[in-house]
Amino acid sequence: MVGEYPGYIKHKLPAKQMTVTKGVAELIEKAEDDEVELAWHRFIKQQPQCAFGQLGVCCRNCNMGPCRIDPFGSGATRGTCGATADTIVARNLLRMIAAGAAAHSDHARDVVHVFEGTAKGKFKDYKLSDTEKLKIVAKALGIEIEGRGTGEIGVEVAEVLKKDFGKVDEEPMELVKALAPKRRTEIWRESGVLPRAADREICECMHRTHVGVDADAASLLLHGIRTSISDGWGGSMAATLLSDILFGTPRPVSSKANLGVLRKDMVNIIVHGHNPILSTKIVEIAQSEEMQKLAEENGAKGINVAGMCCTGNEVLMRLGVPVAGNMLMQELAIVTGAVEAIIVDYQCILPAIVDVAQCYHTKVITTEPKAHIPGAVHIEFDPERADDTARKIIRIAIENYKNRISEKVYIPENTMELVAGFSVEAIVEALGGSLEPLINALKDGTIKGVIGIVGCVNPKVKHNYTHTVLARELIKRDVLVVGTGCWSIAVAMDGLMTPEAANLAGPGLKKVCETLGIPPCLHMGSCVDCSRILLALSALSDALGVDIPDLPAAGSAPEWMSEKAVSIGTYFVASGVFTHLGTVPPVLGSQKVTKILTEDAEKIVGGKFYVEPDPVKAAETIYGVIMEKRKKLGLPV
Ligand code: SF4
Ligand code: MSK
């Protein structure tokens with residue numbers, strides 16, 4: 001790897017300027033000392049990045065291309081087929097939404113599969129843990145629950161939800177009909193964006209963007225909105241609800257975050273990716289006497305499982321498993337030299353971890369038929385033999401402990417306490433059983449508003465800087481912050497998910513947090529759990545008797561990078577949320593598309609995008625929007 005890029009080591013990164021998270025700079029420096037290349041190094045080698053790509057004006061949707069539009073008008077203004085910059089930018093964005101929605105919905109399909117197999121008694125290593133929630137979901141879907149067993153109800157829930165993926169009629173998706181606020185579904189129906197089935201909308205994205213189909217930017221973007229709704233209120237919603245039924249609805253749980261959660265004297269296993277189906281099993285089986293004994297026989301004091309990214313969030317929220325870091329920290333976990341195995345499912349797994357692992361002793365174990373990485377050990381996960389698969393994988397990790405190279409081990413000491421597990425149900429419980437105290441606090445101005453902050457980290461910007469500064473600026477202004485994904489790990493490592501962080505909040509939010517014993521930033525889960533934010537918004541809009549766009553609420557993806565984040569941002573906007581983006585989306589090559597996203601969308605669905613890389617300026621603007629909404633509702637400002 002080093003031989004491949006002999007130059008990079010001479011140009012060391014200014015590690016301390018790359019991140020705000022403690023311990024990360026030391027590990028970047030260690031990686032350079034060990035001659036290991038990281039995402040930051042590879043990002044620098046990509047410079048200058050293609051300006052056509054950044055503006056979204058390149059197209060390779062057919063073999064008359066690739067084509068690109070000159071943004072300054074001195075070169076080509078149309079592709080070979082005649083597509084304009086507006087068409088190309090809108091088509092590219094639609095394909096991003098399609099990929100993001102596909103990732104979430106396909107994740108959901110896997111959960112539905114295991115849920116159905118469990119309800120039928122076929123997958124014996126799983127059980128339906130939250131049967132109350134099963135009944136609530138079944139009722140919402142119009143399924144009879146009286147006098148029926150949970151297995152029977154579960155099978156019917158699975159039957160209904162399976163149709164939400166791929167049916168061919170024009171009826172809206174069942175989950176959307178069941179859970180989205182009625183005012184929203186009416187607006188979506190009128191605008192022609194009520195989704196019919198997740199796979200169908202995604203498929204139609206691909207059809208529309210094929211050469212010679214939809215050339216109208218507005219029409220393309222409307223379908224993007226439709227597809228994103230099929231994700232947020234459909235695919236992601238199904239993934240969250242069924243994961244809760246299978247593994248339990250999260251409740252507040254204390255744990256720790258940052259790479260210091262790795263243990264020098266234990267077998268360290270990282271679970272990384274997005275799905276709780278295997279990772280929950282890894283945690284469970286690792287705690288078994290059999291595996292702990294095996295670890296001791298191999299010279300370790302035991303087994304330490306830690307999470308990474310959203311699989312990490314899943315097992316943190318439900319089981320209190322410590323989280324080692326967010327997306328850009330996956331390579332650094334290996335650089336500690338103390339990780340015996342990194343077990344991955346899918347999404348946000350850098351293929352480069354295999355190269356990094358080669359410089360240490362870490363085994364990278366892929367488990368999903370749809371996510372292979374060259375050089376990794378592949379052990380395919382089979383839900384029918386879940387415990388056996390988990391045992392097999394954990395054994396590999398344990399047996400690898402003896403291969404640890406002690407001179408290469410360095411675990412930064414940094415860890416941070418946190419409280420996670422704030423599902424909507426947990427928030428309501430923390431409030432004493434109803435949303436009323438929160439509504440009252442919003443009404444009297446003790447809390448000015450609520451923001452959902454989500455999304456990735458990105459080497460284009462200082463790691464975790466925008467995430468943490470934006471959150472700090474908003475809690476200071478008495479805005480309650482909830483969120484998911486890599487954002488939640490970033491602010492947890494910054495200490496904002498401790499009840500003591502209430503001291504950083506404005507007087508109103510501080511009082512509320514102290515009364516309830518909650519942090520000012522609430523961890524709501526993984527990427528698919530952005531659906532929980534939608535449900536929270538829906539509950540708030542019901543309680544206040546207004547539609548979501550009228551709520552003193554906003555959304556943000558400060559350091560986003562993935563296509564899933566594009567889908568999430570779009571369904572936030574579609575749900576009526578003013579949505580901030582901290583990294584610039586590839587749309588600036590079309591004024592028309594930019595205008596639709598940042599202005600016109602509001603007239604159609606009530607929400608719009610706002611782009612601002614500076615978190616302090618963004619916080620001011622977001623706060624201003626929240627205050628405007630308060631004024632319109634007649635609430636004190
Ligand atoms: Fe070029 Fe049109 Fe083909 Fe795109 S679809 S590559 S713009 S000819
Ligand atoms: S893991 S999609 S980098 S949030 Fe959900 Fe983080 Fe973004 Fe992946």
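Atoms within a ligand are numbered from 1 in the order they appear, just like the ligands themselves.
- Of all atoms in ligand 2, listed by their number and element, those nearer than 4.0 Å to a heavy atom of Met561 are 3 (S).
- Taking 2.8 Å as the threshold, Cys486 does not count as a candidate ligand of atom 5 (Fe) of ligand 2, since none of its N, O or S atoms lies below it.
- In this structure, the separation between CG on Asp110 and CG on Leu242 is 12.0 Å, given to the nearest 0.5 Å.
- Atoms of ligand 2 found under 4.0 Å from any heavy atom of Met327 (numbered from 1 in listed order, with element): 3 (S).
- For atom 4 (S) of ligand 2, the choice among Ala103, Gly525, Gly455 with the nearest heavy atom turns out to be Gly455.
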Could you check Asp199 against Arg109 for salt bridge (Lys or Arg N to Asp or Glu O under 4.0 Å), going step by step and ending with a plain yes or no? CA-CA 10 Å; Asp199 293 354; Arg109 194 191 332 269; 2.9 Å; yes
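- Short contacts between ligand 1 and Cys67, defined as distances under 4.0 Å to a heavy atom of the residue, involve ligand atoms 1 (Fe), 6 (S), 7 (S), 8 (S).
- Looking from atom 8 (S) of ligand 1 to the surrounding protein, the closest heavy atom is Cys81 N, 3.3 Å.
- To the nearest 0.5 angstrom, Ile411 atom CD1 is 5.5 Å from Leu262 atom CG.
- For ligand 1, the atoms sitting less than 4.0 Å from at least one non-hydrogen atom of Val211 are 5 (S), numbered in the order shown with element in parentheses.
- Counting heavy-atom neighbours within 6.0 Å of Lys256 NZ, excluding the residue itself, gives a total of 12 or less.
- Checked against the 6.0 Å centroid threshold, Tyr610 and His580 count as a close aromatic pair.
- If you check which protein heavy atom lies closest to atom 8 (Fe) of ligand 2, you get Cys348 SG, 2.1 Å.
- The line from CG of Asn326 to OG1 of Thr21 is 6.5 Å long, rounded to the nearest 0.5 Å.
- The atoms of ligand 2 that sit less than 4.0 Å from any heavy atom of Lys564 are 2 (S), 5 (Fe).
- Distances from atom 5 (Fe) of ligand 2 to the N/O/S atoms of His274 are shortest for NE2.
- Within a 6.0 Å sphere centred on NE2 of His378, other residues, nucleotides and ligands contribute more than 12 heavy atoms.
- With a 6.0 Å radius and a threshold of 12 heavy atoms from other residues, nucleotides or ligands, Lys462 has its NZ atom above the threshold.
- Taking CG of Leu480 as the start and CG of Leu474 as the end, the distance is 10.5 Å to the nearest 0.5 Å.
- Within 6.0 Å of the NE2 atom in His372, the count of heavy atoms belonging to other residues, nucleotides or ligands exceeds 12.
- With 2.8 Å as the limit, Cys309 does not count as an N, O or S neighbour of atom 5 (Fe) of ligand 2.
- Atoms of ligand 2 lying under 4.0 Å from at least one heavy atom of Ser562, given by number and element, are 2 (S).
- Considering CD1 of Ile453 and SG of Cys521, their distance stands at 7.0 Å, rounded to 0.5 Å.
- For ligand 1, the atoms closer than 4.0 angstrom to any heavy atom of Cys59 are 4 (Fe), 5 (S), 6 (S), 7 (S).
- The closest donor-acceptor contact from the side chain of Asp214 to the backbone of Asp216 lies under 3.5 Å.
- Residue-ligand proximity: Gln347 is placed with every non-hydrogen atom at 4.0 Å or more from ligand 2.
- In summary, the atoms of ligand 2 found under 4.0 Å from a heavy atom of Cys527, numbered by their order in the structure, are 2 (S), 4 (S), 5 (Fe).
- At least one heavy atom of Arg91 sits under 4.0 Å from some atom of ligand 1.
- The atoms of ligand 1 that sit less than 4.0 Å from any heavy atom of Gly65 are 6 (S).
- Considering only non-hydrogen protein atoms, atom 3 (Fe) of ligand 1 sits nearest to Cys62 SG, 2.4 Å.
- Looking only at heavy atoms of the protein, atom 3 (S) of ligand 2 is closest to Cys456 CB, 3.4 Å.
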